[in-house]
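Residues take their numbers from the sequence shown, with the count starting at 1. Everything numeric in this text was worked out from a predicted model, so none of it was measured.
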Amino acid sequence: MGLQLVDDKGRVAIPAGLRATLEKNSGQAEGSKDARVAILTTHESDPCLIAYDEPYFDLLMDRLDARELEFAGERGRSDSNIWREGVGSSENIAFDPSGRFVVPGMHADHANIGKPGYAFFYGVGKVIEIWDPRTLLAHPTAPESMKTACRYHLADKKVTL
């Protein structure tokens with residue numbers, strides 16, 4: 001996890017520990033350009049972003065296929081919203097060796113991530129949530145432990161919102 005500065009061009013760096021996990025899980029040769037790709041999308045219900053590696057994307061596709069079959073309607077008709085909500089506005093992002101990438105405009109708007117501003121990265125199982133710190137701290141259902149971690153990183157970097 002970590003708090004990262006978003007510059008005036010919308011560039012932000014994935015914290016080193018999370019970046020290393022993305023690269024390791026990519027299945028590509030360590031240090032290769034192909035290992036530095038992630039999928040970025042909007043959260044299904046919360047005002048934040050989610051990033052994950054390509055193998056998790058494949059697993060997600062399998063789950064959505066199964067869900068589509070399970071909830072097939074009359075005459076086998078699928079519910080398109082299963083896919084819309086499941087993959088949303090996902091976009092491949094390439095990040096440089098230091099983990100830096102540009103947050104796409106629509107994604108930044110969804111998560112209230114300003115330029116310049118800050119982004120709080122938080123590993124949640126197989127995904128990384130990316131929050132605007134102010135939005136996270138005001139969110140009514142975000143766990144207190146997550147808010148505490150965000151406050152810690154804000155204080156550690158001497159950031160006042």
Flag side-chain contact, heavy atom, 4.5 Å: [X] against [Y]:
{"X": "I39", "Y": "E54", "result": "yes"}
{"X": "H107", "Y": "L40", "result": "yes"}
{"X": "N25", "Y": "Y56", "result": "no"}
{"X": "P15", "Y": "M1", "result": "no"}
{"X": "E23", "Y": "F95", "result": "yes"}

Using the rule given for side chain to side chain contact (heavy atoms under 4.5 Å, CB included), can you reason through L3 versus V159, listing the C-alpha separation, both sets of side-chain angles and the distance that settles it, and then say yes or no?
CA-CA 10 Å; L3 181 72; V159 174; 4.0 Å; yes

- [ ] Check step by step if side chain to side chain contact (heavy atoms under 4.5 Å, CB included) holds for R100 and Q4.
- [x] CA-CA 10 Å; R100 199 168 63 161; Q4 300 292 92; over 6 Å; no

Nearest 0.5 angstrom please: [X] [atom1] to [Y] [atom2], how far?
{"X": "L154", "Y": "K147", "atom1": "CG", "atom2": "NZ", "answer": "13.0 Å"}
{"X": "F121", "Y": "C150", "atom1": "CZ", "atom2": "SG", "answer": "12.0 Å"}
{"X": "L49", "Y": "I130", "atom1": "CG", "atom2": "CD1", "answer": "5.5 Å"}
{"X": "T42", "Y": "D109", "atom1": "OG1", "atom2": "CG", "answer": "12.0 Å"}
{"X": "T41", "Y": "E91", "atom1": "OG1", "atom2": "CD", "answer": "9.5 Å"}
{"X": "D132", "Y": "L161", "atom1": "CG", "atom2": "CG", "answer": "7.5 Å"}

Might you work through the side chain to side chain contact (heavy atoms under 4.5 Å, CB included) test for V12 and F101, ending with a clear yes or no? CA-CA 6 Å; V12 65; F101 70 97; 3.7 Å; yes

Practice prompt. Give a yes or no answer on whether the side chain of D96 reaches the backbone of S98 with a donor-acceptor pair at less than 3.5 Å.
Written response: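 Side chain of D96 to backbone of S98: a pair is present.
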
| message | With a 3.5 Å distance limit and no angle check, can you tell me whether T135 reaches the backbone of W131 through a side-chain donor-acceptor pair? | response |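 Side chain of T135 to backbone of W131, a donor-acceptor pair under 3.5 Å: no, none is there.
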
Might you point out which heavy atoms bring E129 and M146 nearest each other, and give the distance in Å?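 Answer, listing the atom of E129 first, then M146: OE1-CE, 3.3 Å.
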
* Asked: Taking it one step at a time, do L22 and I128 satisfy side chain to side chain contact (heavy atoms under 4.5 Å, CB included)?
  -> CA-CA 10 Å; L22 283 173; I128 301 166; 3.9 Å; yes

**Request:** Could you tell me how the ring of F120 sits relative to the ring of H153: parallel (under 30°), tilted (30 to 60°) or perpendicular (over 60°)?
**Result:**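 Geometry flag for H153 against F120: tilted rings.
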
